[in-house]
Amino acid sequence: MSAVGRAVSGWRVPGWLRKALGLAPEGPHYAFYRHKLIVRLTHWANACILFVMLLSGLQIFNAHPALYLGAQSDFDHPVFSLTARGNDTEVTQGITQIGPWSFDTTGVLGASKVDGVMAARGFPDWATIPGPQWLAMGRQWHFAFAWLLVLNGLIFAGFAFYTRHAQRDLIPTKADLKHLPREIVDHAKLNFPKGEAAKRYNALQKLAYAFVIFVLGPLVVLTGLTMSPTMDAAFPILPWMFFGRQTARTIHFLCAFGFLGFFIVHMIMVVLSGTWNNVRSMITGRYVIEGKRPNG
Amino acid sequence: MAETRRNLLKGMLASAGALMLAACTPLSEQQWVVSALGEVENLTRRMQRLFAGHHALAPEFSKKDIAPVFRANGTLNPQTDEYAAHAAKDFADWRIEVGGLVERKLSLSMAELRAMPPRTQITRHDCVEGWSCIGEWTGAPLAPILAAAGPKPEARYVMFYCADPMGSSLSGDVPYYYESLDLLEATHPQTILAYQLNGQVLPVEHGAPVRLRAERQLGYKMAKYVQRIELVEHFSNINGGKGGYWEDQGYTWYGGI
């Protein structure tokens, strides 16, 4: 029985709650060592780093809240922009523009309250680091944590490839891809793998993790570097491969929201597939498997 | 039930986020945080220099890439009597003084500057705000000018003093725009004192009659309305001590990223 299970042993936890919280099942079960220490450390470090990166990135974006394609900015035709409308005395409306479409997003995007007064602001102050409009400091946070992101990423990737964790557990195989349609149906029905099958990542998990770690990760770093004029001088291939600095900036922004999207789905899946069991396995490494421990 | 769980989770996430967020703004005002972040700037500069060195050139573009309108930013007109008088005479009497830690002080007239072997480059201007504009710049490379002045061995930075006053201050001393580069960036082949944009005389909003172009740097490093160039060993005793007008407001001195 797990620690939490013992603590509430006086009260019989109903089956549905047990399942929802990810507590140890009442039937036979055993702990399985799922996440190695380096994986757990880099996971939590990454969570903190990406949090600061996203919010300081939104601060930087707010200095010129528009995205373009190509080497330079076609100011009259951004592919995405957050703008404010109003009259001489006050800002009244925030507009989000994506391609040919515009939406009224007053209060959140384009225009939001700063010290109680509606102001022109791309992302609102609760979504940026630092809170107030402060590009200089946003840049400093962003570039400091960018180093940590790269360092942490290299530690994880070095470990994952050296121990074959990446090849064994993360990069999807052909067989994984064959199971994909069935797994999508299973996930939609909230049928998660049990027993021995729960020891391995399924194809959807592998795809999601491998994509975020090995595609989005390098992409966000490279597009970030492409925005640096000195890096473009050192590596002219950077602006070439991303179709220009402004396209790189747009891809960088999409990557950031790719991370945010992953985070939201990740949180939902953590909760739906046994909150405590998942969280504990990323803290202590131990993941509880239903059923009898296999012999040998 | 799922509702309660969702709300609980949302609350937990929101409060954890709010806590971290609340910590970051006051932290940005702590001296040790500011100096730690400053150390990161040094690391970034060293690393970028390792790859870009002295000679790597910023990408150059072709005529068809030139922006129809080159966006002007910062001071659009210095609006001082002195500047207006120069502008009225098409800057015929404008001079660029080169001094400080040099063997020979120079005073270059616009005619002398234009008589030097020019360099024309079509480059991408990257503003710290995030936008970019491509333009064709013509001017005198700075390296031969500095060589003519003969930097003393202890000279490390090149200061650029400008004719545009920046707002007002309570003490009455209005700070003028200024910037600095180290000798490596100042003597880079694409670092020029530009007097033409897109084949035309440099317009007032772009820094007439002379602006600095340092193509591997962000826009704020490229001082407009340049009047005086001074070689120094360090800039801690100049104005706010950070090497430039925006640097004194908290922007990094290294503008390569």
Side-chain angles (χ1 to χ4, degrees), chain A residues 16-17 20-21 48 51-52 55-56 60-68 70-75 125-132 134-141 143-147 224-225 227-236 238-240 244-246 249 267-268 270-272 275, chain B residues 1-2 5-6 9 13 17-18 20-22 24-29 33-34 36-41 43-45 47-53 56-59 61 65 67 69 71 124-134 188 190 215-218 246 249-252 254-257:
Chain A
W16 62 265
L17 188 59
L21 294 178
C48 298
F51 178 85
V52 175
L55 275 65
S56 57
I60 296 171
F61 176 82
N62 272 2
H64 185 78
L67 298 173
Y68 311 92
Q72 58 184 329
S73 306
D74 182 355
F75 295 104
D125 59 4
W126 52 260
T128 64
I129 290 176
W134 194 356
L135 171 62
M137 200 40 86
R139 279 166 50 82
Q140 298 219 26
W141 281 104
F143 299 150
F145 276 73
W147 278 110
L225 288 173
M227 282 185 267
S228 150
T230 298
M231 291 319 275
D232 287 356
F235 303 104
L238 282 174
W240 176 83
R245 180 185 193 244
Q246 291 300 321
R249 184 165 172 264
M267 286 303 101
I268 293 170
V270 162
V271 169
L272 292 181
T275 316
Chain B
M1 223 51 231
R5 214 187 316 151
R6 246 198 318 276
L9 187 80
L13 282 177
M20 281 179 74
L21 204 55
C24 281
T25 304
L27 271 178
S28 302
E29 280 148 20
V33 175
V34 174
L37 293 174
E39 282 308 312
V40 173
E41 179 194 344
L43 173 69
T44 304
R45 189 193 75 242
M47 211 49 135
Q48 291 211 336
R49 287 281 172 77
L50 189 68
F51 293 117
L57 295 178
F61 297 81
D65 299 317
V69 178
R71 174 171 280 213
R124 193 190 67 213
H125 177 96
D126 297 330
C127 179
V128 67
E129 293 168 1
W131 52 267
S132 308
C133 249
I134 293 173
H188 183 264
Q190 286 171 320
E215 304 293 356
R216 307 193 299 183
Q217 299 282 304
L218 294 173
W246 286 113
Q249 323 292 318
Y251 285 82
T252 51
Y254 181 68
I257 183 164

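Remember, predicted model here, so these are calculated numbers, not experimental data. Side chains included, hydrogens not; waters and symmetry mates left out as well; all remaining heavy atoms used.
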- Query: In terms of heavy-atom pairs under 4.5 Å with chain A, which of B:Glu41, B:Glu39, B:Arg71 leads?
  - Reply: B:Arg71
- Query: chain A heavy atoms under 4.5 Å from B:Leu37: which part of the residue, side chain, backbone, both or neither?
  - Reply: both
- Atom pair CH2/OG1 of A:Trp147 and B:Thr44 - distance to nearest 0.5 Å: 5.5 Å
- Largest heavy-atom contact set with chain A, pairs under 4.5 Å, which of B:Gly38, B:Pro59, B:Ala58, B:Gly53: B:Pro59
- Apply side-chain contact (heavy atoms from CB on, under 4.5 Å) to the pair A:Phe143 and B:Leu43, showing each step before the final yes or no. CA-CA 10 Å; A:Phe143 299 150; B:Leu43 173 69; over 6 Å; no
- Task: Check ring-ring contact (aromatic ring centres under 6.0 Å, His included) between A:Phe235 and all other residues, then give those that pass, not counting sequence neighbours.
- Result: B:Phe51
- With sequence neighbours excluded, tell me which residues meet side chain to side chain donor-acceptor pair (under 3.5 Å) with B:Arg49. B:Asp182, B:Glu185
- Where does A:Trp240 contact chain B at under 4.5 Å (heavy atoms): side chain, backbone, both or neither? neither
- Query: Below 4.5 Å, heavy atoms only, C-beta onward: do B:Val40 and A:Phe145 meet side chain to side chain?
  - Reply: no
- Message: Heavy-atom cut-off 4.5 Å, strictly under: side chain, backbone, both or neither for A:Gln140 against chain B?
- Response: both
- Message: As an exercise, state the distance from CE of A:Met227 to CG of B:Asp126, rounded to the nearest 0.5 Å.
- Response: 10.5 Å
- Item | Nearest heavy-atom neighbours spanning A:Thr230 and B:Gln217 | OG1-NE2, 4.0 Å
- Message: In the structure I gave you, are the side-chain heavy atoms of B:Phe61 and A:Gln72 within less than 4.5 Å of one another anywhere?
- Response: no
- With distance as the sole test, does B:Arg216 use its side chain to make a donor-acceptor pair with the main-chain N or O of A:Ala234 at under 3.5 Å? no
- Note on the structure: Given A:Ala136, A:Pro229, A:Ser228, the one with more heavy-atom pairs under 4.5 angstrom with chain B than any other is A:Pro229
- Query: What heavy-atom pair brings B:Ser132 and A:Gln246 nearest, and what distance separates the two atoms?
  - Reply: OG-NE2, 2.7 Å
- Considering only heavy atoms and a distance below 4.5 Å, find which of A:Ala71, A:Pro236, A:Gly224, A:Pro132 pairs most often with chain B. A:Ala71
- Message: Counting C-beta onward and ignoring hydrogens, is there a side-chain heavy-atom pair between B:Val69 and A:Phe75 closer than 4.5 Å?
- Response: no
- Task: Counting only heavy atoms closer than 4.5 Å, note whether B:Glu215 contacts chain A via side chain, backbone, both or neither.
- Result: backbone
- Who wins among A:Arg245, A:Met137, A:His64 for the most heavy-atom pairs under 4.5 Å with chain B? A:Arg245
- Item | Nearest heavy atoms of B:Val128 and A:Leu135, plus distance in Å | O-CD2, 3.9 Å
